[in-house]
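Below is the structure I would like to discuss, written out as structure tokens.
Not measured: the values here are computed from a predicted model. Every chain is numbered from 1 and lettered A, B, ... according to where its sequence line falls, protein lines coming before strand lines. No hydrogens, no waters, no symmetry mates; every other heavy atom, side chains included, goes into these values.
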Amino acid sequence: VCPKCGAYNPIGRQSCRACSEPLGEGVDEMDTYGRGEMEGSQTANGAEATPEWLQLLLAKYGEETPTLSSLSPPAVVEEAPAAAPPAIKETSDVGEQSAADDGTEDIPEWLESLRVSGSVAADEKPDPSQPQVARDDVGEPDAIEADSAASDWLSRLDGVSSDRHRSVAAPKAASAEDVPEWLTASLEEVEMLEESQPAASPGKSSVPERHDREIPEWLSRLGEAEESVSADEVPEHTGAVDRAIRAGQPSPDAVSPLVSRSVEPAPPSIIDEDRSMSFGNVATNGEPPPAIIDTGELKAREAKIREEVAPPPSVKEVEKGVPDWLAQLISSQEEAAGAAEEATLSGGGAEEAAVSVTSGAAPPQDERPGSQAMVEIPPWLAELNVSEIEELEPVGAEALEIPPFLEEMEREDASRQAQAEEVAMEPSAPTRGEAREYVQEQDEPEGLPDWLSQLHSLDETDSTSLEAMPGQDTEPAVYATEDKSDWLSNWESMATSSEDALIGVDEQSREEEAQVPDWLREMQAEASQPQPAEASPVAEEMPVLDDIERADIPAWIHKLRPEGEADEEGQPVPGLPDVLPISDDAEEEETFASLRARLSMPEVPDVEGASLFREIASDMPEPRPAAEEPPKGGGLFATLVWGLVFIILILAIAITLMAVLNRADNLLGASAFQEYLSSPAGVALVGSVLGFRAEIAALPEDSVVLVCFDYSPATEAEMGLLADVILKDLSQHQMRVIAVSLRPEGAMLAHRMTEALNGESGKVRAVNLGYLPGNAVGIRSLVGIQEMTSFEGRERLNVIPGWEDVDALTEVSMVVEIADDSRNVRWWVEQQQALGLADRPLLVAVSAASAPASRPYREVNLGGYGHLEEMISGITAAAAYELDLNGPGRAVKMLAAQSVTHLGLVLVAVAGTIAGFRN
Amino acid sequence: MNAATIIAAVLTFMVWSYVLGDNPAFHIAEHLLVGSAVGFAVVVVWFNVLEPVYFQENRLQPELWSAIPLVLCLLLMTRLHPKWASLGSITVAFLVGVGAALAVGGALFGTLWSQTLATASLSLRGSEVDGAMLPVFSDTLFWQNLAVLIGTIGTFFYFMFETRPQGALGGFRDTFTRFWGGIGHWVIIITLGALFANAAMSRFTLLIGRVNWLLDVFAVNGRPTP
């Protein structure tokens with residue numbers, strides 16, 4: 001780092017590439033080791049030089065590097081992080097100052113005060129209410145301070161534990177009471193690793209000169225003291241420490257590690273970092289807090305340590321990869337170990353030192369303080385140690401006393417460690433049975449937090465259910481924190497997830513889980529791992545209410561249910577009685593929801609309305625019945641059968657009508673009709689017929705009579721009888737007939753009549769001129785009747801034999817209109833004057849239906865306009881005409897049938913009227 | 001019995017089969033009736049109208065005058081195309097104008113004037129037989145003329161629409177109008193009933209005539225139809 005601009009530069013560069021300022025040597029070291037290790041970097045001759053971390057820090061901000069001697073002691077204290085506990089800062093400051101000091105008697109006053117304050121801080125009892133340091137804050141300065149303090153606290157424990165474990169005479173049972181077993185197991189593993197690295201020992205003697213040259217004097221003295229006590233005094237020392245801790249008696253041998261650890265700023269190593277991180281939240285201010293002991297994480301870190309330590313690095317590699325200060329330390333330790341080998345009997349202490357150096361642990365002099373070392377300690381340090389020991393004596397047992405829950409955790413950890421060793425050193429989480437055993441082994445639940453006690457009690461009650469949870473065996477145990485939220489407490493008190501509280505979730509997952517609402521957690525659990533209902537904790541905790549009747553499913557739900565699920569009807573969810581499974585109507589629900597959203601239907605509890613709407617909406621439109629295709633083979637047969645039936649029906653009707661007609665002819669035939677005509681009711685009919693015939697009879701022979709056939713085949717049954725009797729009467733009077741028609745189809749009917757008339761006479765007595773287009777206008781076309789051609793022979797009228805004298809319409813003597821519509825009658829009446837035929841008689845024969853509309857023209861005879869001489873209508877007139885002309889004929893038979901039909905209609909009308917009145 | 005008679009008889013049965021419901025036989029007969037009627041009309045128009053006017057040697061009208069109806073007919077056909085439809089209006093105007101002129105003249109003097117005079121000339125004196133007057137109340141013509149008179153007056157009042165009359169005679173006039181309007185109402189009902197009854201009887205007559213024809217065709221009556 002450039003001391004001027006603070007820019008980073010590659011290693012070996014002489015000048016800064018940003019500002020071209022010359023770079024110092026300390027920059028390279030900083031780049032090599034990084035900033036995170038600046039606190040631990042320290043030159044061997046730190047007494048005269050400023051620590052490298054301070055140099056780098058100052059260089060980064062462009063400050064000149066002052067000499068440490070120029071700094072006043074209070075300033076150093078002020079630079080310490082304010083968030084760190086006072087005891088930690090003091091201890092670290094003391095350590096730094098001690099490291100910077102050359103161990104002479106010229107201790108400044110501020111250090112003296114620190115000694116006093118440090119001793120006072122040691123007197124302070126642990127305050128459980130103080131917040132613990134978060135584990136994530138390890139990288140920050142405060143956390144580093146806390147970690148260093150934790151390392152102190154831990155180093156005490158570590159030192160005690162190490163000594164205890166090194167002591168052959170110390171029984172396991174006794175140690176379990178004082179030191180956590182988990183910590184013991186961890187240290188055992190470290191010990192095993194140390195034993196597996198014998199190659200580190202020979203390398204230690206490779207750099208003795210360097211060690212002698214660069215190691216501080218105080219460290220050298222400590223090293224010498226260690227070497228002097230390496231072989232013989234260690235067991236006694238460790239045993240003394242154990243005994244002192246166990247009995248709370250002051251032991252000068254047991255105090256030295258604490259003092260040396262607190263004084264010596266151990267360089268950060270992997271193991272120390274991990275342990276400080278692991279226990280950072282445990283040891284704050286030197287008190288045993290009720291912190292989370294994540295055994296799973298501890299296992300993971302131990303495995304990490306094992307992996308990192310497993311390939312034993314050689315000394316050269318260590319020298320190559322470690323910084324200078326660490327290399328110097330290593331060399332000094334190796335040198336000390338070599339001296340110890342030479343001076344003592346066994347090399348166990350050297351091995352310890354080598355392992356400690358290799359693993360980055362505290363210097364070996366921390367571990368093996370002896371009486372000689374105490375002698376070599378500077379007086380101020382000795383005083384400090386004595387004062388601390390004296391002050392710690394009454395409280396030493398309390399300070400080192402491990403809470404019961406931590407003991408149990410350690411014990412459980414130790415048992416798990418044993419299992420782990422059995423399974424080839426593989427880290428494994430405690431099983432359910434182990435967890436349950438652990439909970440059952442809680443002999444002193446009063447030492448546990450309240451929430452843990454609740455979990456313990458719930459676990460006892462739900463022990464059987466816990467055994468049935470196979471899915472939780474692989475998850476590590478976790479102990480909840482004191483600062484758990486209320487909802488978590490309630491959740492735990494409900495014991496719905498007591499298994500999760502005891503087994504299976506690490507701290508991070510717990511924190512994440514604390515942020516997840518319950519419903520989302522349940523959904524995640526259901527979605528991720530559909531377990532059997534018997535094994536589900538929720539299912540286990542749900543009470544079975546037998547006294548609740550099963551709900552009746554509405555009929556409309558049954559209708560909506562697919563037919564394929566009929567066999568599953570009424571089967572509840574496995575393990576959840578009285579709970580029906582979710583139906584497959586999700587799509588229908590979605591459709592219903594979308595329809596409700598489209599219709600903006602409010603979600604009100606209108607059950608009746610909702611049911612009705614659902615019923616309407618769910619009714620599927622009835623499929624349109626497919627057109628039944630008649631069978632091909634049977635269709636022809638059915639047609640024939642129906643045709644036969646139809647013919648039989650018609651014949652039956654015909655025979656019946658024939659019988660009726662014959663009887664009617666006898667009853668209502670000519671004789672009966674004659675009687676009717678003779679009655680007063682027939683006077684008008686007889687008068688009209690007689691008047692009609694009188695007009696015809698009044699004309700001379702060979703007179704030209706214009707007959708207009710204005711009717712259609714539809715009315716031919718009625719109008720044909722009238723036309724027939726009129727033409728016969730004209731024929732009998734030797735009249736010539738010119739037939740015309742205002743309808744196209746009337747021309748053909750006229751042709752049939754004229755042909756019949758000509759056939760009877762043998763002469764052309766009738767000429768059919770055919771159709772006259774234009775209705776009323778067509779009547780006026782008769783003005784040029786002499787030029788008109790016949791309908792059949794295309795001959796002009798005046799060239800037809802017997803018709804040569806007819807050269808104008810004025811030759812027409814009489815007009816006879818045979819029509820089934822009153823409009824035709826009106827046209828002829830209206831156009832009569834226009835044709836110049838106003839003085840010619842106009843006879844009209846109409847149907848019975850059009851007679852009322854034509855009758856007014858009959859009653860008016862104004863001698864010019866609308867002169868209608870006579871009119872007859874219907875079958876009755878035809879029958880009367882026929883009787884009067886030739887005797888009874890077809891018209892009389894038709895009249896008899898019509899009379900019977902009229903009688904039947906009258907009866908039906910009367911019956912219907914009576915029925916209508918009754919209803 | 002020839003083939004035409006048999007075909008006519010079969011078609012008659014096919015039309016009557018509608019009594020059993022809608023069926024293909026009825027539709028066949030129906031389509032045949034419409035088609036044959038239109039075809040027959042075309043043939044008739046050709047031979048009775050177009051050929052004598054335009055293609056016959058001894059035409060009734062000169063060529064110049066004959067061209068006018070032909071041009072009008074062609075103009076009428078232009079109405080099939082919307083763009084040229086306005087040209088057809090000339091023919092339509094000619095037909096409506098001539099038809100209205102002829103019809104109005106005939107209706108005015110042939111129907112309205114004559115009917116009015118006839119009604120006004122009704123006599124309630126009775127008939128004269130052999131130079132002697134019959135008693136009024138025993139004369140049928142008297143009652144007939146009286147009924148026509150009452151019916152005509154009542155029908156006129158029935159179609160008189162006015163507000164409630166005001167003044168001293170307002171109530172009387174209102175009562176008079178209501179009275180004769182009621183009479184006209186019943187007269188109209190009776191007239192329409194008589195027309196409907198006559199139409200129904202006429203249709204029954206057609207049915208009876210057709211059955212008689214079938215009986216004649218199949219010689220049930222003893223004399224087959226030729």
Problem set entry | Mutual orientation of the aromatic rings belonging to B/His31 and B/His27 [parallel < 30°, tilted 30-60°, perpendicular > 60°] | tilted
Problem set entry | B/Leu214 side chain near B/Trp16 side chain, heavy-atom distance below 4.5 Å | yes
Exercise. Are A/Glu745 and A/Pro713 side-chain neighbours, meaning at least one heavy-atom pair lies under 4.5 Å?
Worked result: yes
Exercise. What part of B/Phe47 is in contact with chain A, defined as an atom under 4.5 angstrom from a non-hydrogen atom: side chain, backbone, both or neither?
Worked result: both
Problem set entry | Side chain proximity check, B/Phe40 to A/Met748, heavy atoms < 4.5 angstrom | yes
For this session: Looking only at non-hydrogen atoms, find the nearest pair between A/Ser847 and A/Ser850 and report the distance.
Result: OG-OG, 3.1 Å
Exercise. Is chain B contacted by the side chain of A/Glu718, its backbone, both, or neither, given a heavy-atom distance below 4.5 Å?
Worked result: both
Problem set entry | Partner chain B: residue of A/Ala776, A/Ala747, A/Gly874, A/Ala714 with the largest heavy-atom pair count (under 4.5 Å) | A/Ala714
Exercise. Non-hydrogen atoms of chain B under 4.5 Å away: do they reach the side chain of A/Leu769, the backbone, both or neither?
Worked result: backbone
Exercise. Heavy-atom distance under 4.5 Å to chain B: side chain of A/Arg743, backbone, both or neither?
Worked result: neither
Problem set entry | Contact class of B/Leu20 relative to chain A, heavy atoms under 4.5 angstrom | side chain
